[in-house]
Protein chains: 2
Amino acid sequence: MEKEKPPFDTLDQGSGIFIPNVSVDCIILGFDSGRLKVLLCKFKVSEKWMLPGGFVAKDEDPDESALRVLKGRTGLEDVYLRQFYFFGKKGRIGVEENADMLKRFNIREDKGQWYTDRFISLGYYSLIKYNEAQLFTNEEYEEAGWFDINEIPSLYADHKEIIDTAMSTIRRQIGFIPMGYELLPEKFTMPELRCIYEAILGREIDRRNFQRKMLSIGYIQPLNETRKAGAHKSPNLYTFIKEKYAEAEKYGIQVMSNNF
Amino acid sequence: MEKEKPPFDTLDQGSGIFIPNVSVDCIILGFDSGRLKVLLCKFKVSEKWMLPGGFVAKDEDPDESALRVLKGRTGLEDVYLRQFYFFGKKGRIGVEENADMLKRFNIREDKGQWYTDRFISLGYYSLIKYNEAQLFTNEEYEEAGWFDINEIPSLYADHKEIIDTAMSTIRRQIGFIPMGYELLPEKFTMPELRCIYEAILGREIDRRNFQRKMLSIGYIQPLNETRKAGAHKSPNLYTFIKEKYAEAEKYGIQVMSNNF
DNA sequence: ACAAAAGTGTTTGCCTTACACCCATGA
DNA sequence: TCATGGGTGTAAGGCAAACACTTTTGT
């Protein structure tokens, strides 16, 4: 599988190429202007936004399918990507909702049959650098956009539940996930890093304690540069020590307590 | 789906009943004589042990499939069961290994085709009370047995990796899992409870500190009974306060730090 | 000079760790 | 009475929470 095809192709030709009844959905997270954001897509013929997703080709590992979706949507490769849950309940996608989708695309019910079956969705979340991502869509029939994690619109099927599950997984595992390293550019400020943790944990973190904790772990290196940022003291710039972060995830070292 | 059928039926008639390319594998954990144990099965015609597993019927939620497997193997219902990971890499089951399996069961290749395809396995782990479990097998063609978690024999396909992943998931989440409540009988001693945590964390825990910590959380009630246990002081019996434990899992309260 | 936000230091209290001591039981 | 293992107490150290104070910058 090289490139994602337009959905009308995929939907009615899919039954030979893909593993039936299995899909992949991606929570793609980025950080911009102090906000944690999710990438969502929408078919123009549809009203509801949905998670970028796809199917697992017969010659693909599920991880590869997710990476293909990610590359197709953002142009990015080598991204941080982890499975977090699967969603397979019978009623998870409304029957009408799906039939409606086929109708809007003018796909005959028999050809689209494999699509209206129940699907088991493999949930992945991914952390990317917002400013490196492009938004690829086929502008004829779809749109894409970043949404503040706290302002998600009404979504297709159980996709809101999938996002909630992803977020609570990340919240529980925050100590083992190199959030900052994956979401921030090479050089970043301490308030930016803190902002990410605040967005995920959903509460304020003491500025002073956060800074001390982060620096004490030894994964962050202060640079002798600052960044101008308005009518106040310019914050220092920092950078991650990559090797240390890799260790942290591998051996499960506590990067940050979740008891802030 | 009421009852698991013998594998020769399942394997060659399965293609109509089950969702193709999807399976369910269960790590069933029990605690006996101070040891954490896993339930494994083996077809008599096969050399390798494997995880108890099954397929997802077209009218089942995956959770229900796992519960059906569990009930079929142990007779237990209402057990603690959680998904923890999925395994779907192309090469995860050796092609020969599977072809071999069909041959041993005298199933024609075309009929068993759906089985030798690549499968995406949904991984579940389950905590049960060892002494309440029976071991159901069809003695004609299979066997089942409990294995010490540290003495797993050579397993079919990637099942060892699945167990390892389950254990490391449990280890990371130990603070949120009511291990003791699910694995121990109603009345238990503090050394027994500690033993479980030691088995999972793979190291010794200070007897005195463990006891104080457990009691301080308030989920455990001391009973005014002891249990005779050899040439030394009889340990107290304790019991869990069920409601408190339910809260713990729901709201993610730290039952136990993993920094022992 | 002042407001706003960043950086540094200090105090307090709790939790973990380590370990000393006592108790109960069977050989 | 001794070995074995369970139960209670305590002291030391480390970490986190709260907060005071200093620094920098634009208006």
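Heavy-atom basis, side chains included; hydrogens, waters and symmetry copies ignored. Just so we're on the same page: letters track the sequence lines, and every chain starts at 1.
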With sequence neighbours excluded, residues passing side-chain hydrogen bond (donor to acceptor under 3.5 Å, both in side chains) with [X]:
X: Gln211(A); result: Tyr238(A)
X: Ser23(B); result: none
X: Arg212(A); result: Asn209(A)

Q. Does a nitrogen or oxygen in the side chain of Gln211(A) sit under 4.0 Å from OP1 or OP2 of dA6(C)?
A. no
Q. Are OP1 or OP2 of dG7(D) and a side-chain N or O of Asn236(B) less than 4.0 angstrom apart?
A. yes
Q. Restricting to pairs with a member in residues 179-188 of chain B, which pass salt bridge (charged side-chain N to carboxylate O under 4.0 Å, His left out), not counting sequence neighbours?
A. Lys187(B)-Glu225(B)
Nearest-Å distance, [atom1] ([X]) to [atom2] ([N])?
X: Leu215(B); N: dG9(D); atom1: CG; atom2: P; result: 12 Å
X: Lys213(A); N: dG9(C); atom1: NZ; atom2: C1'; result: 19 Å
X: Asn224(A); N: dG7(C); atom1: CG; atom2: P; result: 13 Å
X: Glu192(B); N: dG5(D); atom1: CD; atom2: C1'; result: 14 Å
X: Ile205(B); N: dT16(C); atom1: CD1; atom2: P; result: 13 Å
X: Leu223(A); N: dG7(C); atom1: CG; atom2: P; result: 12 Å
X: Arg194(B); N: dG5(D); atom1: CZ; atom2: P; result: 11 Å
X: Met214(B); N: dG7(D); atom1: CE; atom2: P; result: 14 Å

Taking distance alone, no hydrogens or angles, what donor-acceptor pairs closer than 3.5 Å link side-chain atoms of residues 36-44 of chain B to residues at least two apart or in another chain?
unit_1: Lys37(B); atom_1: NZ; unit_2: Asp32(B); atom_2: OD2; d: 3.4
unit_1: Lys42(B); atom_1: NZ; unit_2: Ser46(B); atom_2: O; d: 3.1
unit_1: Lys42(B); atom_1: NZ; unit_2: Glu143(B); atom_2: OE2; d: 3.2
unit_1: Lys44(B); atom_1: NZ; unit_2: Glu139(B); atom_2: O; d: 2.6

Q: Begin with the C-alpha distance, continue with both residues' side-chain angles, and end with the deciding distance and a verdict on salt bridge (Lys or Arg N to Asp or Glu O under 4.0 Å) for Arg194(A) and Glu198(A).
A: CA-CA 6 Å; Arg194(A) 179 167 45 88; Glu198(A) 288 182 331; 3.4 Å; yes
Q: If a protein heavy atom is under 4.0 Å from the base, mark B; if only from the sugar-phosphate, S; if neither, -; do that for nucleotides 18-27 of chain D going 5' to 3'.
A: BBB--BBBS-
